[in-house]
Amino acid sequence: VLPFAFFPFTQSYSSGIIMPSYGDEMERGFYLHNGGYYFAINDYVDLAVTGEIYTKGSWGLNARSTYRKRYKYTGNFNASYFNTVIGDKSLKDLNIPGAYSVSKDFKINWTHSQDPKANMYRTLSASVNFSTSKANFNDLNSLYRPESSNNTKSSSVNLTQRFPDSPWSLS
């Protein structure tokens, strides 16, 4: 008799290797993408560090973390760095426009929200989105999505203070 399913319930956290995907892109060559390591730090925080490497010299690193404390706060943080090489290095000396280029790009995304149960008089929420001008275009995760052509960034951080027994609030 073979069991239909196996559910390994453990009390500890498991860190481990994230297997990369592979493929081919015309401008950057063959690649290994999204391979790295996952760190299960504790009940409240995790971290995944991944990277990508291409045969024509491009590479990138990504750190992604999620944090959550029940009835207090929740959020995530994502930071990426890309070194993108387009073209052939031997064409660099010929001064042909677009034949060879190197760009170094990064992006940072952070979202945070406070649970209303943490403090009934003060709340904090944040949505931070910052990147260089070509970061979305050079990121393989967003290359074939509409946001790769979007160069508009917006961020907001909101802090609201309510005063007990008063109709006033400060935001």
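Keep in mind that this is a model prediction, so the values were computed, not measured.
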Query raised in the report: Taking the side chain from E52 and the backbone from G60, do they hold a donor-acceptor pair closer than 3.5 Å?
Result: no
Query raised in the report: At their closest point, which heavy atom of V128 faces which heavy atom of S155, and how far apart are they?
Result: CA-OG, 3.5 Å
Query raised in the report: Going by atom types alone, do N62 and S80 pair a side-chain donor with an acceptor below 3.5 Å?
Result: yes
Query raised in the report: Honestly, is R162 close enough over Y121, meaning NZ or CZ under 6.0 Å from the six-membered ring centre and within 45° of the axis?
Result: no
Requested in this report: Kindly say whether K104 contributes a backbone atom to a donor-acceptor pair with the side chain of N83 at under 3.5 angstrom?
Outcome: no
Query raised in the report: In Å and rounded to the nearest 0.5 Å, what is the CZ to OH distance from R68 to Y44?
Result: 12.0 Å
Query raised in the report: Can you name the closest pair of heavy atoms from E27 and K56 and give their distance?
Result: O-CD, 3.4 Å
Report summary line: Closest non-hydrogen contact found for A40 with S14 is CB-O, 3.6 Å
Query raised in the report: Given H112 and F77, is the ring-ring contact (aromatic ring centres under 6.0 Å, His included) satisfied, shown in steps?
Result: CA-CA 9 Å; H112 176 86; F77 182 81; over 10 Å; no
Query raised in the report: Quick one: are T84 and R28 in side-chain contact, heavy atoms under 4.5 Å?
Result: yes
Query raised in the report: Roughly how far apart are N109 CG and N78 CG, rounded to 0.5 Å?
Result: 5.5 Å
Query raised in the report: Quick one: do the N76 and Y67 side chains pair a donor with an acceptor below 3.5 Å?
Result: no
**Report entry** Atom pair OG1/CZ of T160 and R122 - distance to nearest 0.5 Å
**Finding:** 11.0 Å
Query raised in the report: Does L47 share a hydrophobic cluster with Y73, counting links as ILVMFWY side-chain heavy atoms below 4.5 Å and allowing steps through other members?
Result: yes
Query raised in the report: For F30, does the CZ atom have more than 12 heavy-atom neighbours from other residues, nucleotides or ligands under 6.0 Å away?
Result: no
**Report entry** S154 versus N129, closest heavy-atom pair with distance
**Finding:** O-CB, 3.4 Å
Query raised in the report: If only atom types and distance count, is the side chain of S65 paired as donor or acceptor with the main-chain N or O of D46 below 3.5 Å?
Result: yes
Report task. Report whether Y22 and Y37 are members of the same hydrophobic cluster (ILVMFWY, side-chain heavy atoms less than 4.5 Å apart, transitive linking). Result -> no
Query raised in the report: Under a 4.5 Å side-chain heavy-atom rule over Ile, Leu, Val, Met, Phe, Trp and Tyr, are L32 and V49 clustered together?
Result: no
**Report entry** Within one Ile-Leu-Val-Met-Phe-Trp-Tyr cluster: F106 and L61, side-chain cutoff 4.5 Å
**Finding:** yes
**Report entry** Under 3.5 Å: donor-acceptor pair, side chain of S58, backbone of V85
**Finding:** yes
Query raised in the report: Between the main-chain N or O of A118 and the side-chain N or O of D115, is there a donor-acceptor pair closer than 3.5 Å?
Result: no
Query - Within 45° cone of Y71 ring axis and under 6.0 Å: K117 NZ or CZ - result: no
Query raised in the report: Roughly how far, to the nearest 0.5 Å, is CZ of R64 from OH of Y38?
Result: 10.0 Å
Query raised in the report: Are W59 and Y81 an aromatic pair by the rule of ring centers under 6.0 Å?
Result: yes
Query - Whether T50 side chain and G36 backbone form a donor-acceptor pair below 3.5 Å - result: no
Query - Interatomic distance, M26 atom CE to I86 atom CD1 [nearest 0.5 angstrom] - result: 11.5 Å
Report summary line: d(L170 CG, L159 CG) to nearest 0.5 Å is 8.0 Å
